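Written out below as structure tokens is the structure these notes cover.
Predicted model only: the values in this text are computed from it and were never measured.
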Amino acid sequence: MITPDSTGDNSPQFDILRRGAVDLIEEQQTRKLLALGRPLRIKLGLDPSSPDLHVGHAIQLLKLRDLQELGHQIVLIVGDATAMIGDPTGRNKLRPQLTREAVEENLVTYTDQAAELIDMERTEVRRNSEWFDAMDFQGLVRLTSRMTVARMIERDTFQQRMEASEPIGIHEFLYPLMQGWDSVMVKADLELGGTDQLFNLLVGRDLQREEGQMPQVCLTLPLINGSDGRKMSKSYGNAIPFKAEPADMFGKVMAIEDEVMGAWFTLLTRLPQEEITTLLAGHPRRAKAALAADITARFHGAQAAQAASEAFDRQFQKREVPEDMPEHVWPDEGGADLQLATLLKSVGLAPTTSEARRLVKQGGVRLDGEVQSDPVRPISPGAEPRILQVGRRRFVRLL
RNA sequence: GGGGAGAUUCCCGAGUGGCCAAAGGGGUCAGACUGUAAAUCUGAUGGCUCAGCCUUCACAGGUUCGAAUCCUGUUCUCCCCA
């Protein structure tokens with residue numbers, strides 16, 4: 001539980017809260033809230049538009065977990081009403097509107113996966129359709145009258161879209177207001193969000209103040225980038241999902257740029273700051289392996305992380321063929337010879353024959369360790385299972 | 001309501017009758033190098049029975065020996081005026 005000492009010093013709590021944060025609006029209020037000694041209501045809105053969580057979400061969930069362990073009350077808002085709009089933040093396109101059914105499905109996987117990091121038993125989960133379905137037209141007008149067009153369109157994301165002559169739907173203006181109204185309805189003391197959420201979080205403050213509530217504290221955490229430098233997002237295909245296999249998760253962390261390691265350590269591990277500093281001062285390869293192991297261990301346990309780490313070294317440092325690899329029965333009945341390109345395609349190592357030919361021509365294909373150069377070379381099954389390799393990390397054992 | 005502009009290959013974005021499967025960038029993939037699936041460099045990037053053939057430039061028709069490029073209609077978007 002919350003135990004501010006007799007002097008009212010809550011700095012240990014405050015430090016935990018502050019770790020990795022970008023904005024904290026505002027600090028004095030936060031200290032006062034912590035000093036109250038009661039569980040604070042910590043709100044996080046889920047976007048149930050993408051069911052699979054990735055390490056970008058983990059940043060927020062880990063923060064929630066920290067706060068939960070300090071005895072605070074986590075309130076997850078399932079944006080089933082807002083999901084039908086889609087948060088316009090950071091998007092240069094209208095987002096597809098989700099059906100209620102899709103939201104329900106996503107919600108299940110979402111909470112299942114979130115349970116890996118936070119204690120769902122002690123978490124309050126609310127759907128915002130609870131109050132938005134009940135809101136009538138008058139209520140909507142009342143809510144929308146609290147925001148001005150000028151304030152809304154001065155937002156970067158809308159500015160950019162207007163400059164680029166991209167469409168903006170009127171309903172998109174509703175999103176921040178709805179998110180803010182959620183804060184009113186659950187009487188949030190603090191709301192978490194990514195740095196891109198600051199505007200939405202601040203709207204909550206305004207609405208709460210107008211409703212005579214204590215305005216919530218807003219805490220923003222950095223967004224981390226995916227492998228391509230863009231914001232990590234499932235829709236960009238650059239994310240590291242919770243459900244990634246240990247080896248895959250480890251490898252994907254190893255693929256991040258050296259420059260962002262520090263941020264990842266702060267946001268995705270709970271190693272003490274001094275230890276992080278020491279690691280970063282050492283060899284980058286070692287530091288990154290430690291990071292990858294820590295993250296992998298959180299989802300799969302220390303043993304699996306260790307195994308993933310060792311397998312990674314064998315495969316990429318020593319260039320050994322991994323023990324575990326997908327297996328595929330020899331395509332085409334009768335064990336007849338197949339052209340190499342055709343074989344690659346039918347076992348799924350290349351999406352098209354053209355791609356398969358390209359890979360061979362570029363020297364990216366090995367059969368039993370030998371580089372292949374002829375895409376139309378006939379390949380026969382062989383007595384032993386043969387190993388087909390594309391690039392450095394895609395293998396198939398042919399049975 | 002009136003006038004104007006636009007929709008291009010995964011994304012952004014050139015291309016305004018043949019030299020266009022379509023510049024450039026991003027992403028992705030492969031190779032080299034290495035400390036890793038970092039960084040850097042090189043190459044590839046519509047499909048196929050691959051020195052050739054086939055299908056793409058919002059959609060449907062049309063003009064032409066030939067169209068992403070011209071015409072007509074449809075859908076969607078943006079801008080200006082009211």
Aromatic ring pairing Phe158(A)/Phe173(A), orientation class (parallel under 30°, perpendicular over 60°, tilted between):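 Aromatic pair Phe158(A)/Phe173(A) classed perpendicular.
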Considering every strand and a 4.0 Å limit on heavy-atom distances, what is the contact class for Ala247(A): base, sugar-phosphate, or nothing?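 The answer is base, as Ala247(A) lies within the cut-off (heavy atoms under 4.0 Å) of a base atom.
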Sugar-phosphate, base or nothing in reach of Gly391(A), heavy atoms under 4.0 Å: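 Sugar-phosphate contact only - Gly391(A) comes under 4.0 Å of backbone atoms but never of a base.
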Closest to the Lys345(A) side chain, choosing from C48(B), A37(B), A39(B):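 The listed nucleotide nearest to Lys345(A)'s side chain is C48(B).
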What nucleotide, of U34(B), A30(B), C78(B), holds the atom closest to the side chain of Pro167(A)?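 In terms of side-chain proximity for Pro167(A), the closest of U34(B), A30(B), C78(B) is C78(B).
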Residues in ring-ring contact (aromatic ring centres under 6.0 Å, His included) contact with Phe199(A), at least two apart in sequence or another chain: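 Per chain and number, Phe199(A) pairs via ring-ring contact (aromatic ring centres under 6.0 Å, His included) with no residue.
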Before accepting this row, confirm whether a basic side-chain N of the pair Asp313(A)/Arg285(A) lies closer than 4.0 Å to the acidic partner's carboxylate O.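 Salt bridge: yes.
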Have Gln68(A) and Thr123(A) got a donor and an acceptor in their side chains that come within less than 3.5 Å?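 Yes, a side-chain donor-acceptor pair sits under 3.5 Å.
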Would Gln197(A) and Glu191(A) count as having a side-chain donor-acceptor pair, cut-off 3.5 Å?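 Result is no, nothing qualifies.
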side-chain contact (heavy atoms from CB on, under 4.5 Å) with Pro322(A): which of Gln315(A), Arg393(A), Gln389(A)?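 The option that passes is Gln315(A).
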Contacting residues from residues 351-369 of chain A, given that a heavy atom lies under 4.0 angstrom of RNA chain B: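 Those residues are Thr352(A), Thr353(A), Ser354(A), Glu355(A), Arg357(A), Arg358(A), Leu359(A), Gln362(A), Gly363(A), Gly364(A).
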Among residues 282-289 of chain A, which residues get a heavy atom nearer than 4.0 Å to RNA chain B?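 Contacts with RNA chain B under 4.0 Å: His283(A), Pro284(A), Arg285(A), Lys288(A).
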Need the pair for [N]. Rule: Watson-Crick or G-U wobble, both distances under 3.5 Å, any strand; none if unpaired.
{"N": "A14(B)", "answer": "none"}
{"N": "A21(B)", "answer": "none"}
{"N": "U40(B)", "answer": "A32(B)"}
{"N": "U63(B)", "answer": "none"}
{"N": "G1(B)", "answer": "C81(B)"}
{"N": "G6(B)", "answer": "C76(B)"}
{"N": "U69(B)", "answer": "none"}

State, to 0.1 Å, how close Ile256(A) and Lys288(A) come at their nearest heavy-atom pair, and which atoms those are.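 Minimum heavy-atom contact is O-NZ, 2.6 Å.
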Nearest-angstrom distance, C1' atom, C50(B) to A44(B):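 It comes out at 16 Å once rounded to the nearest Å.
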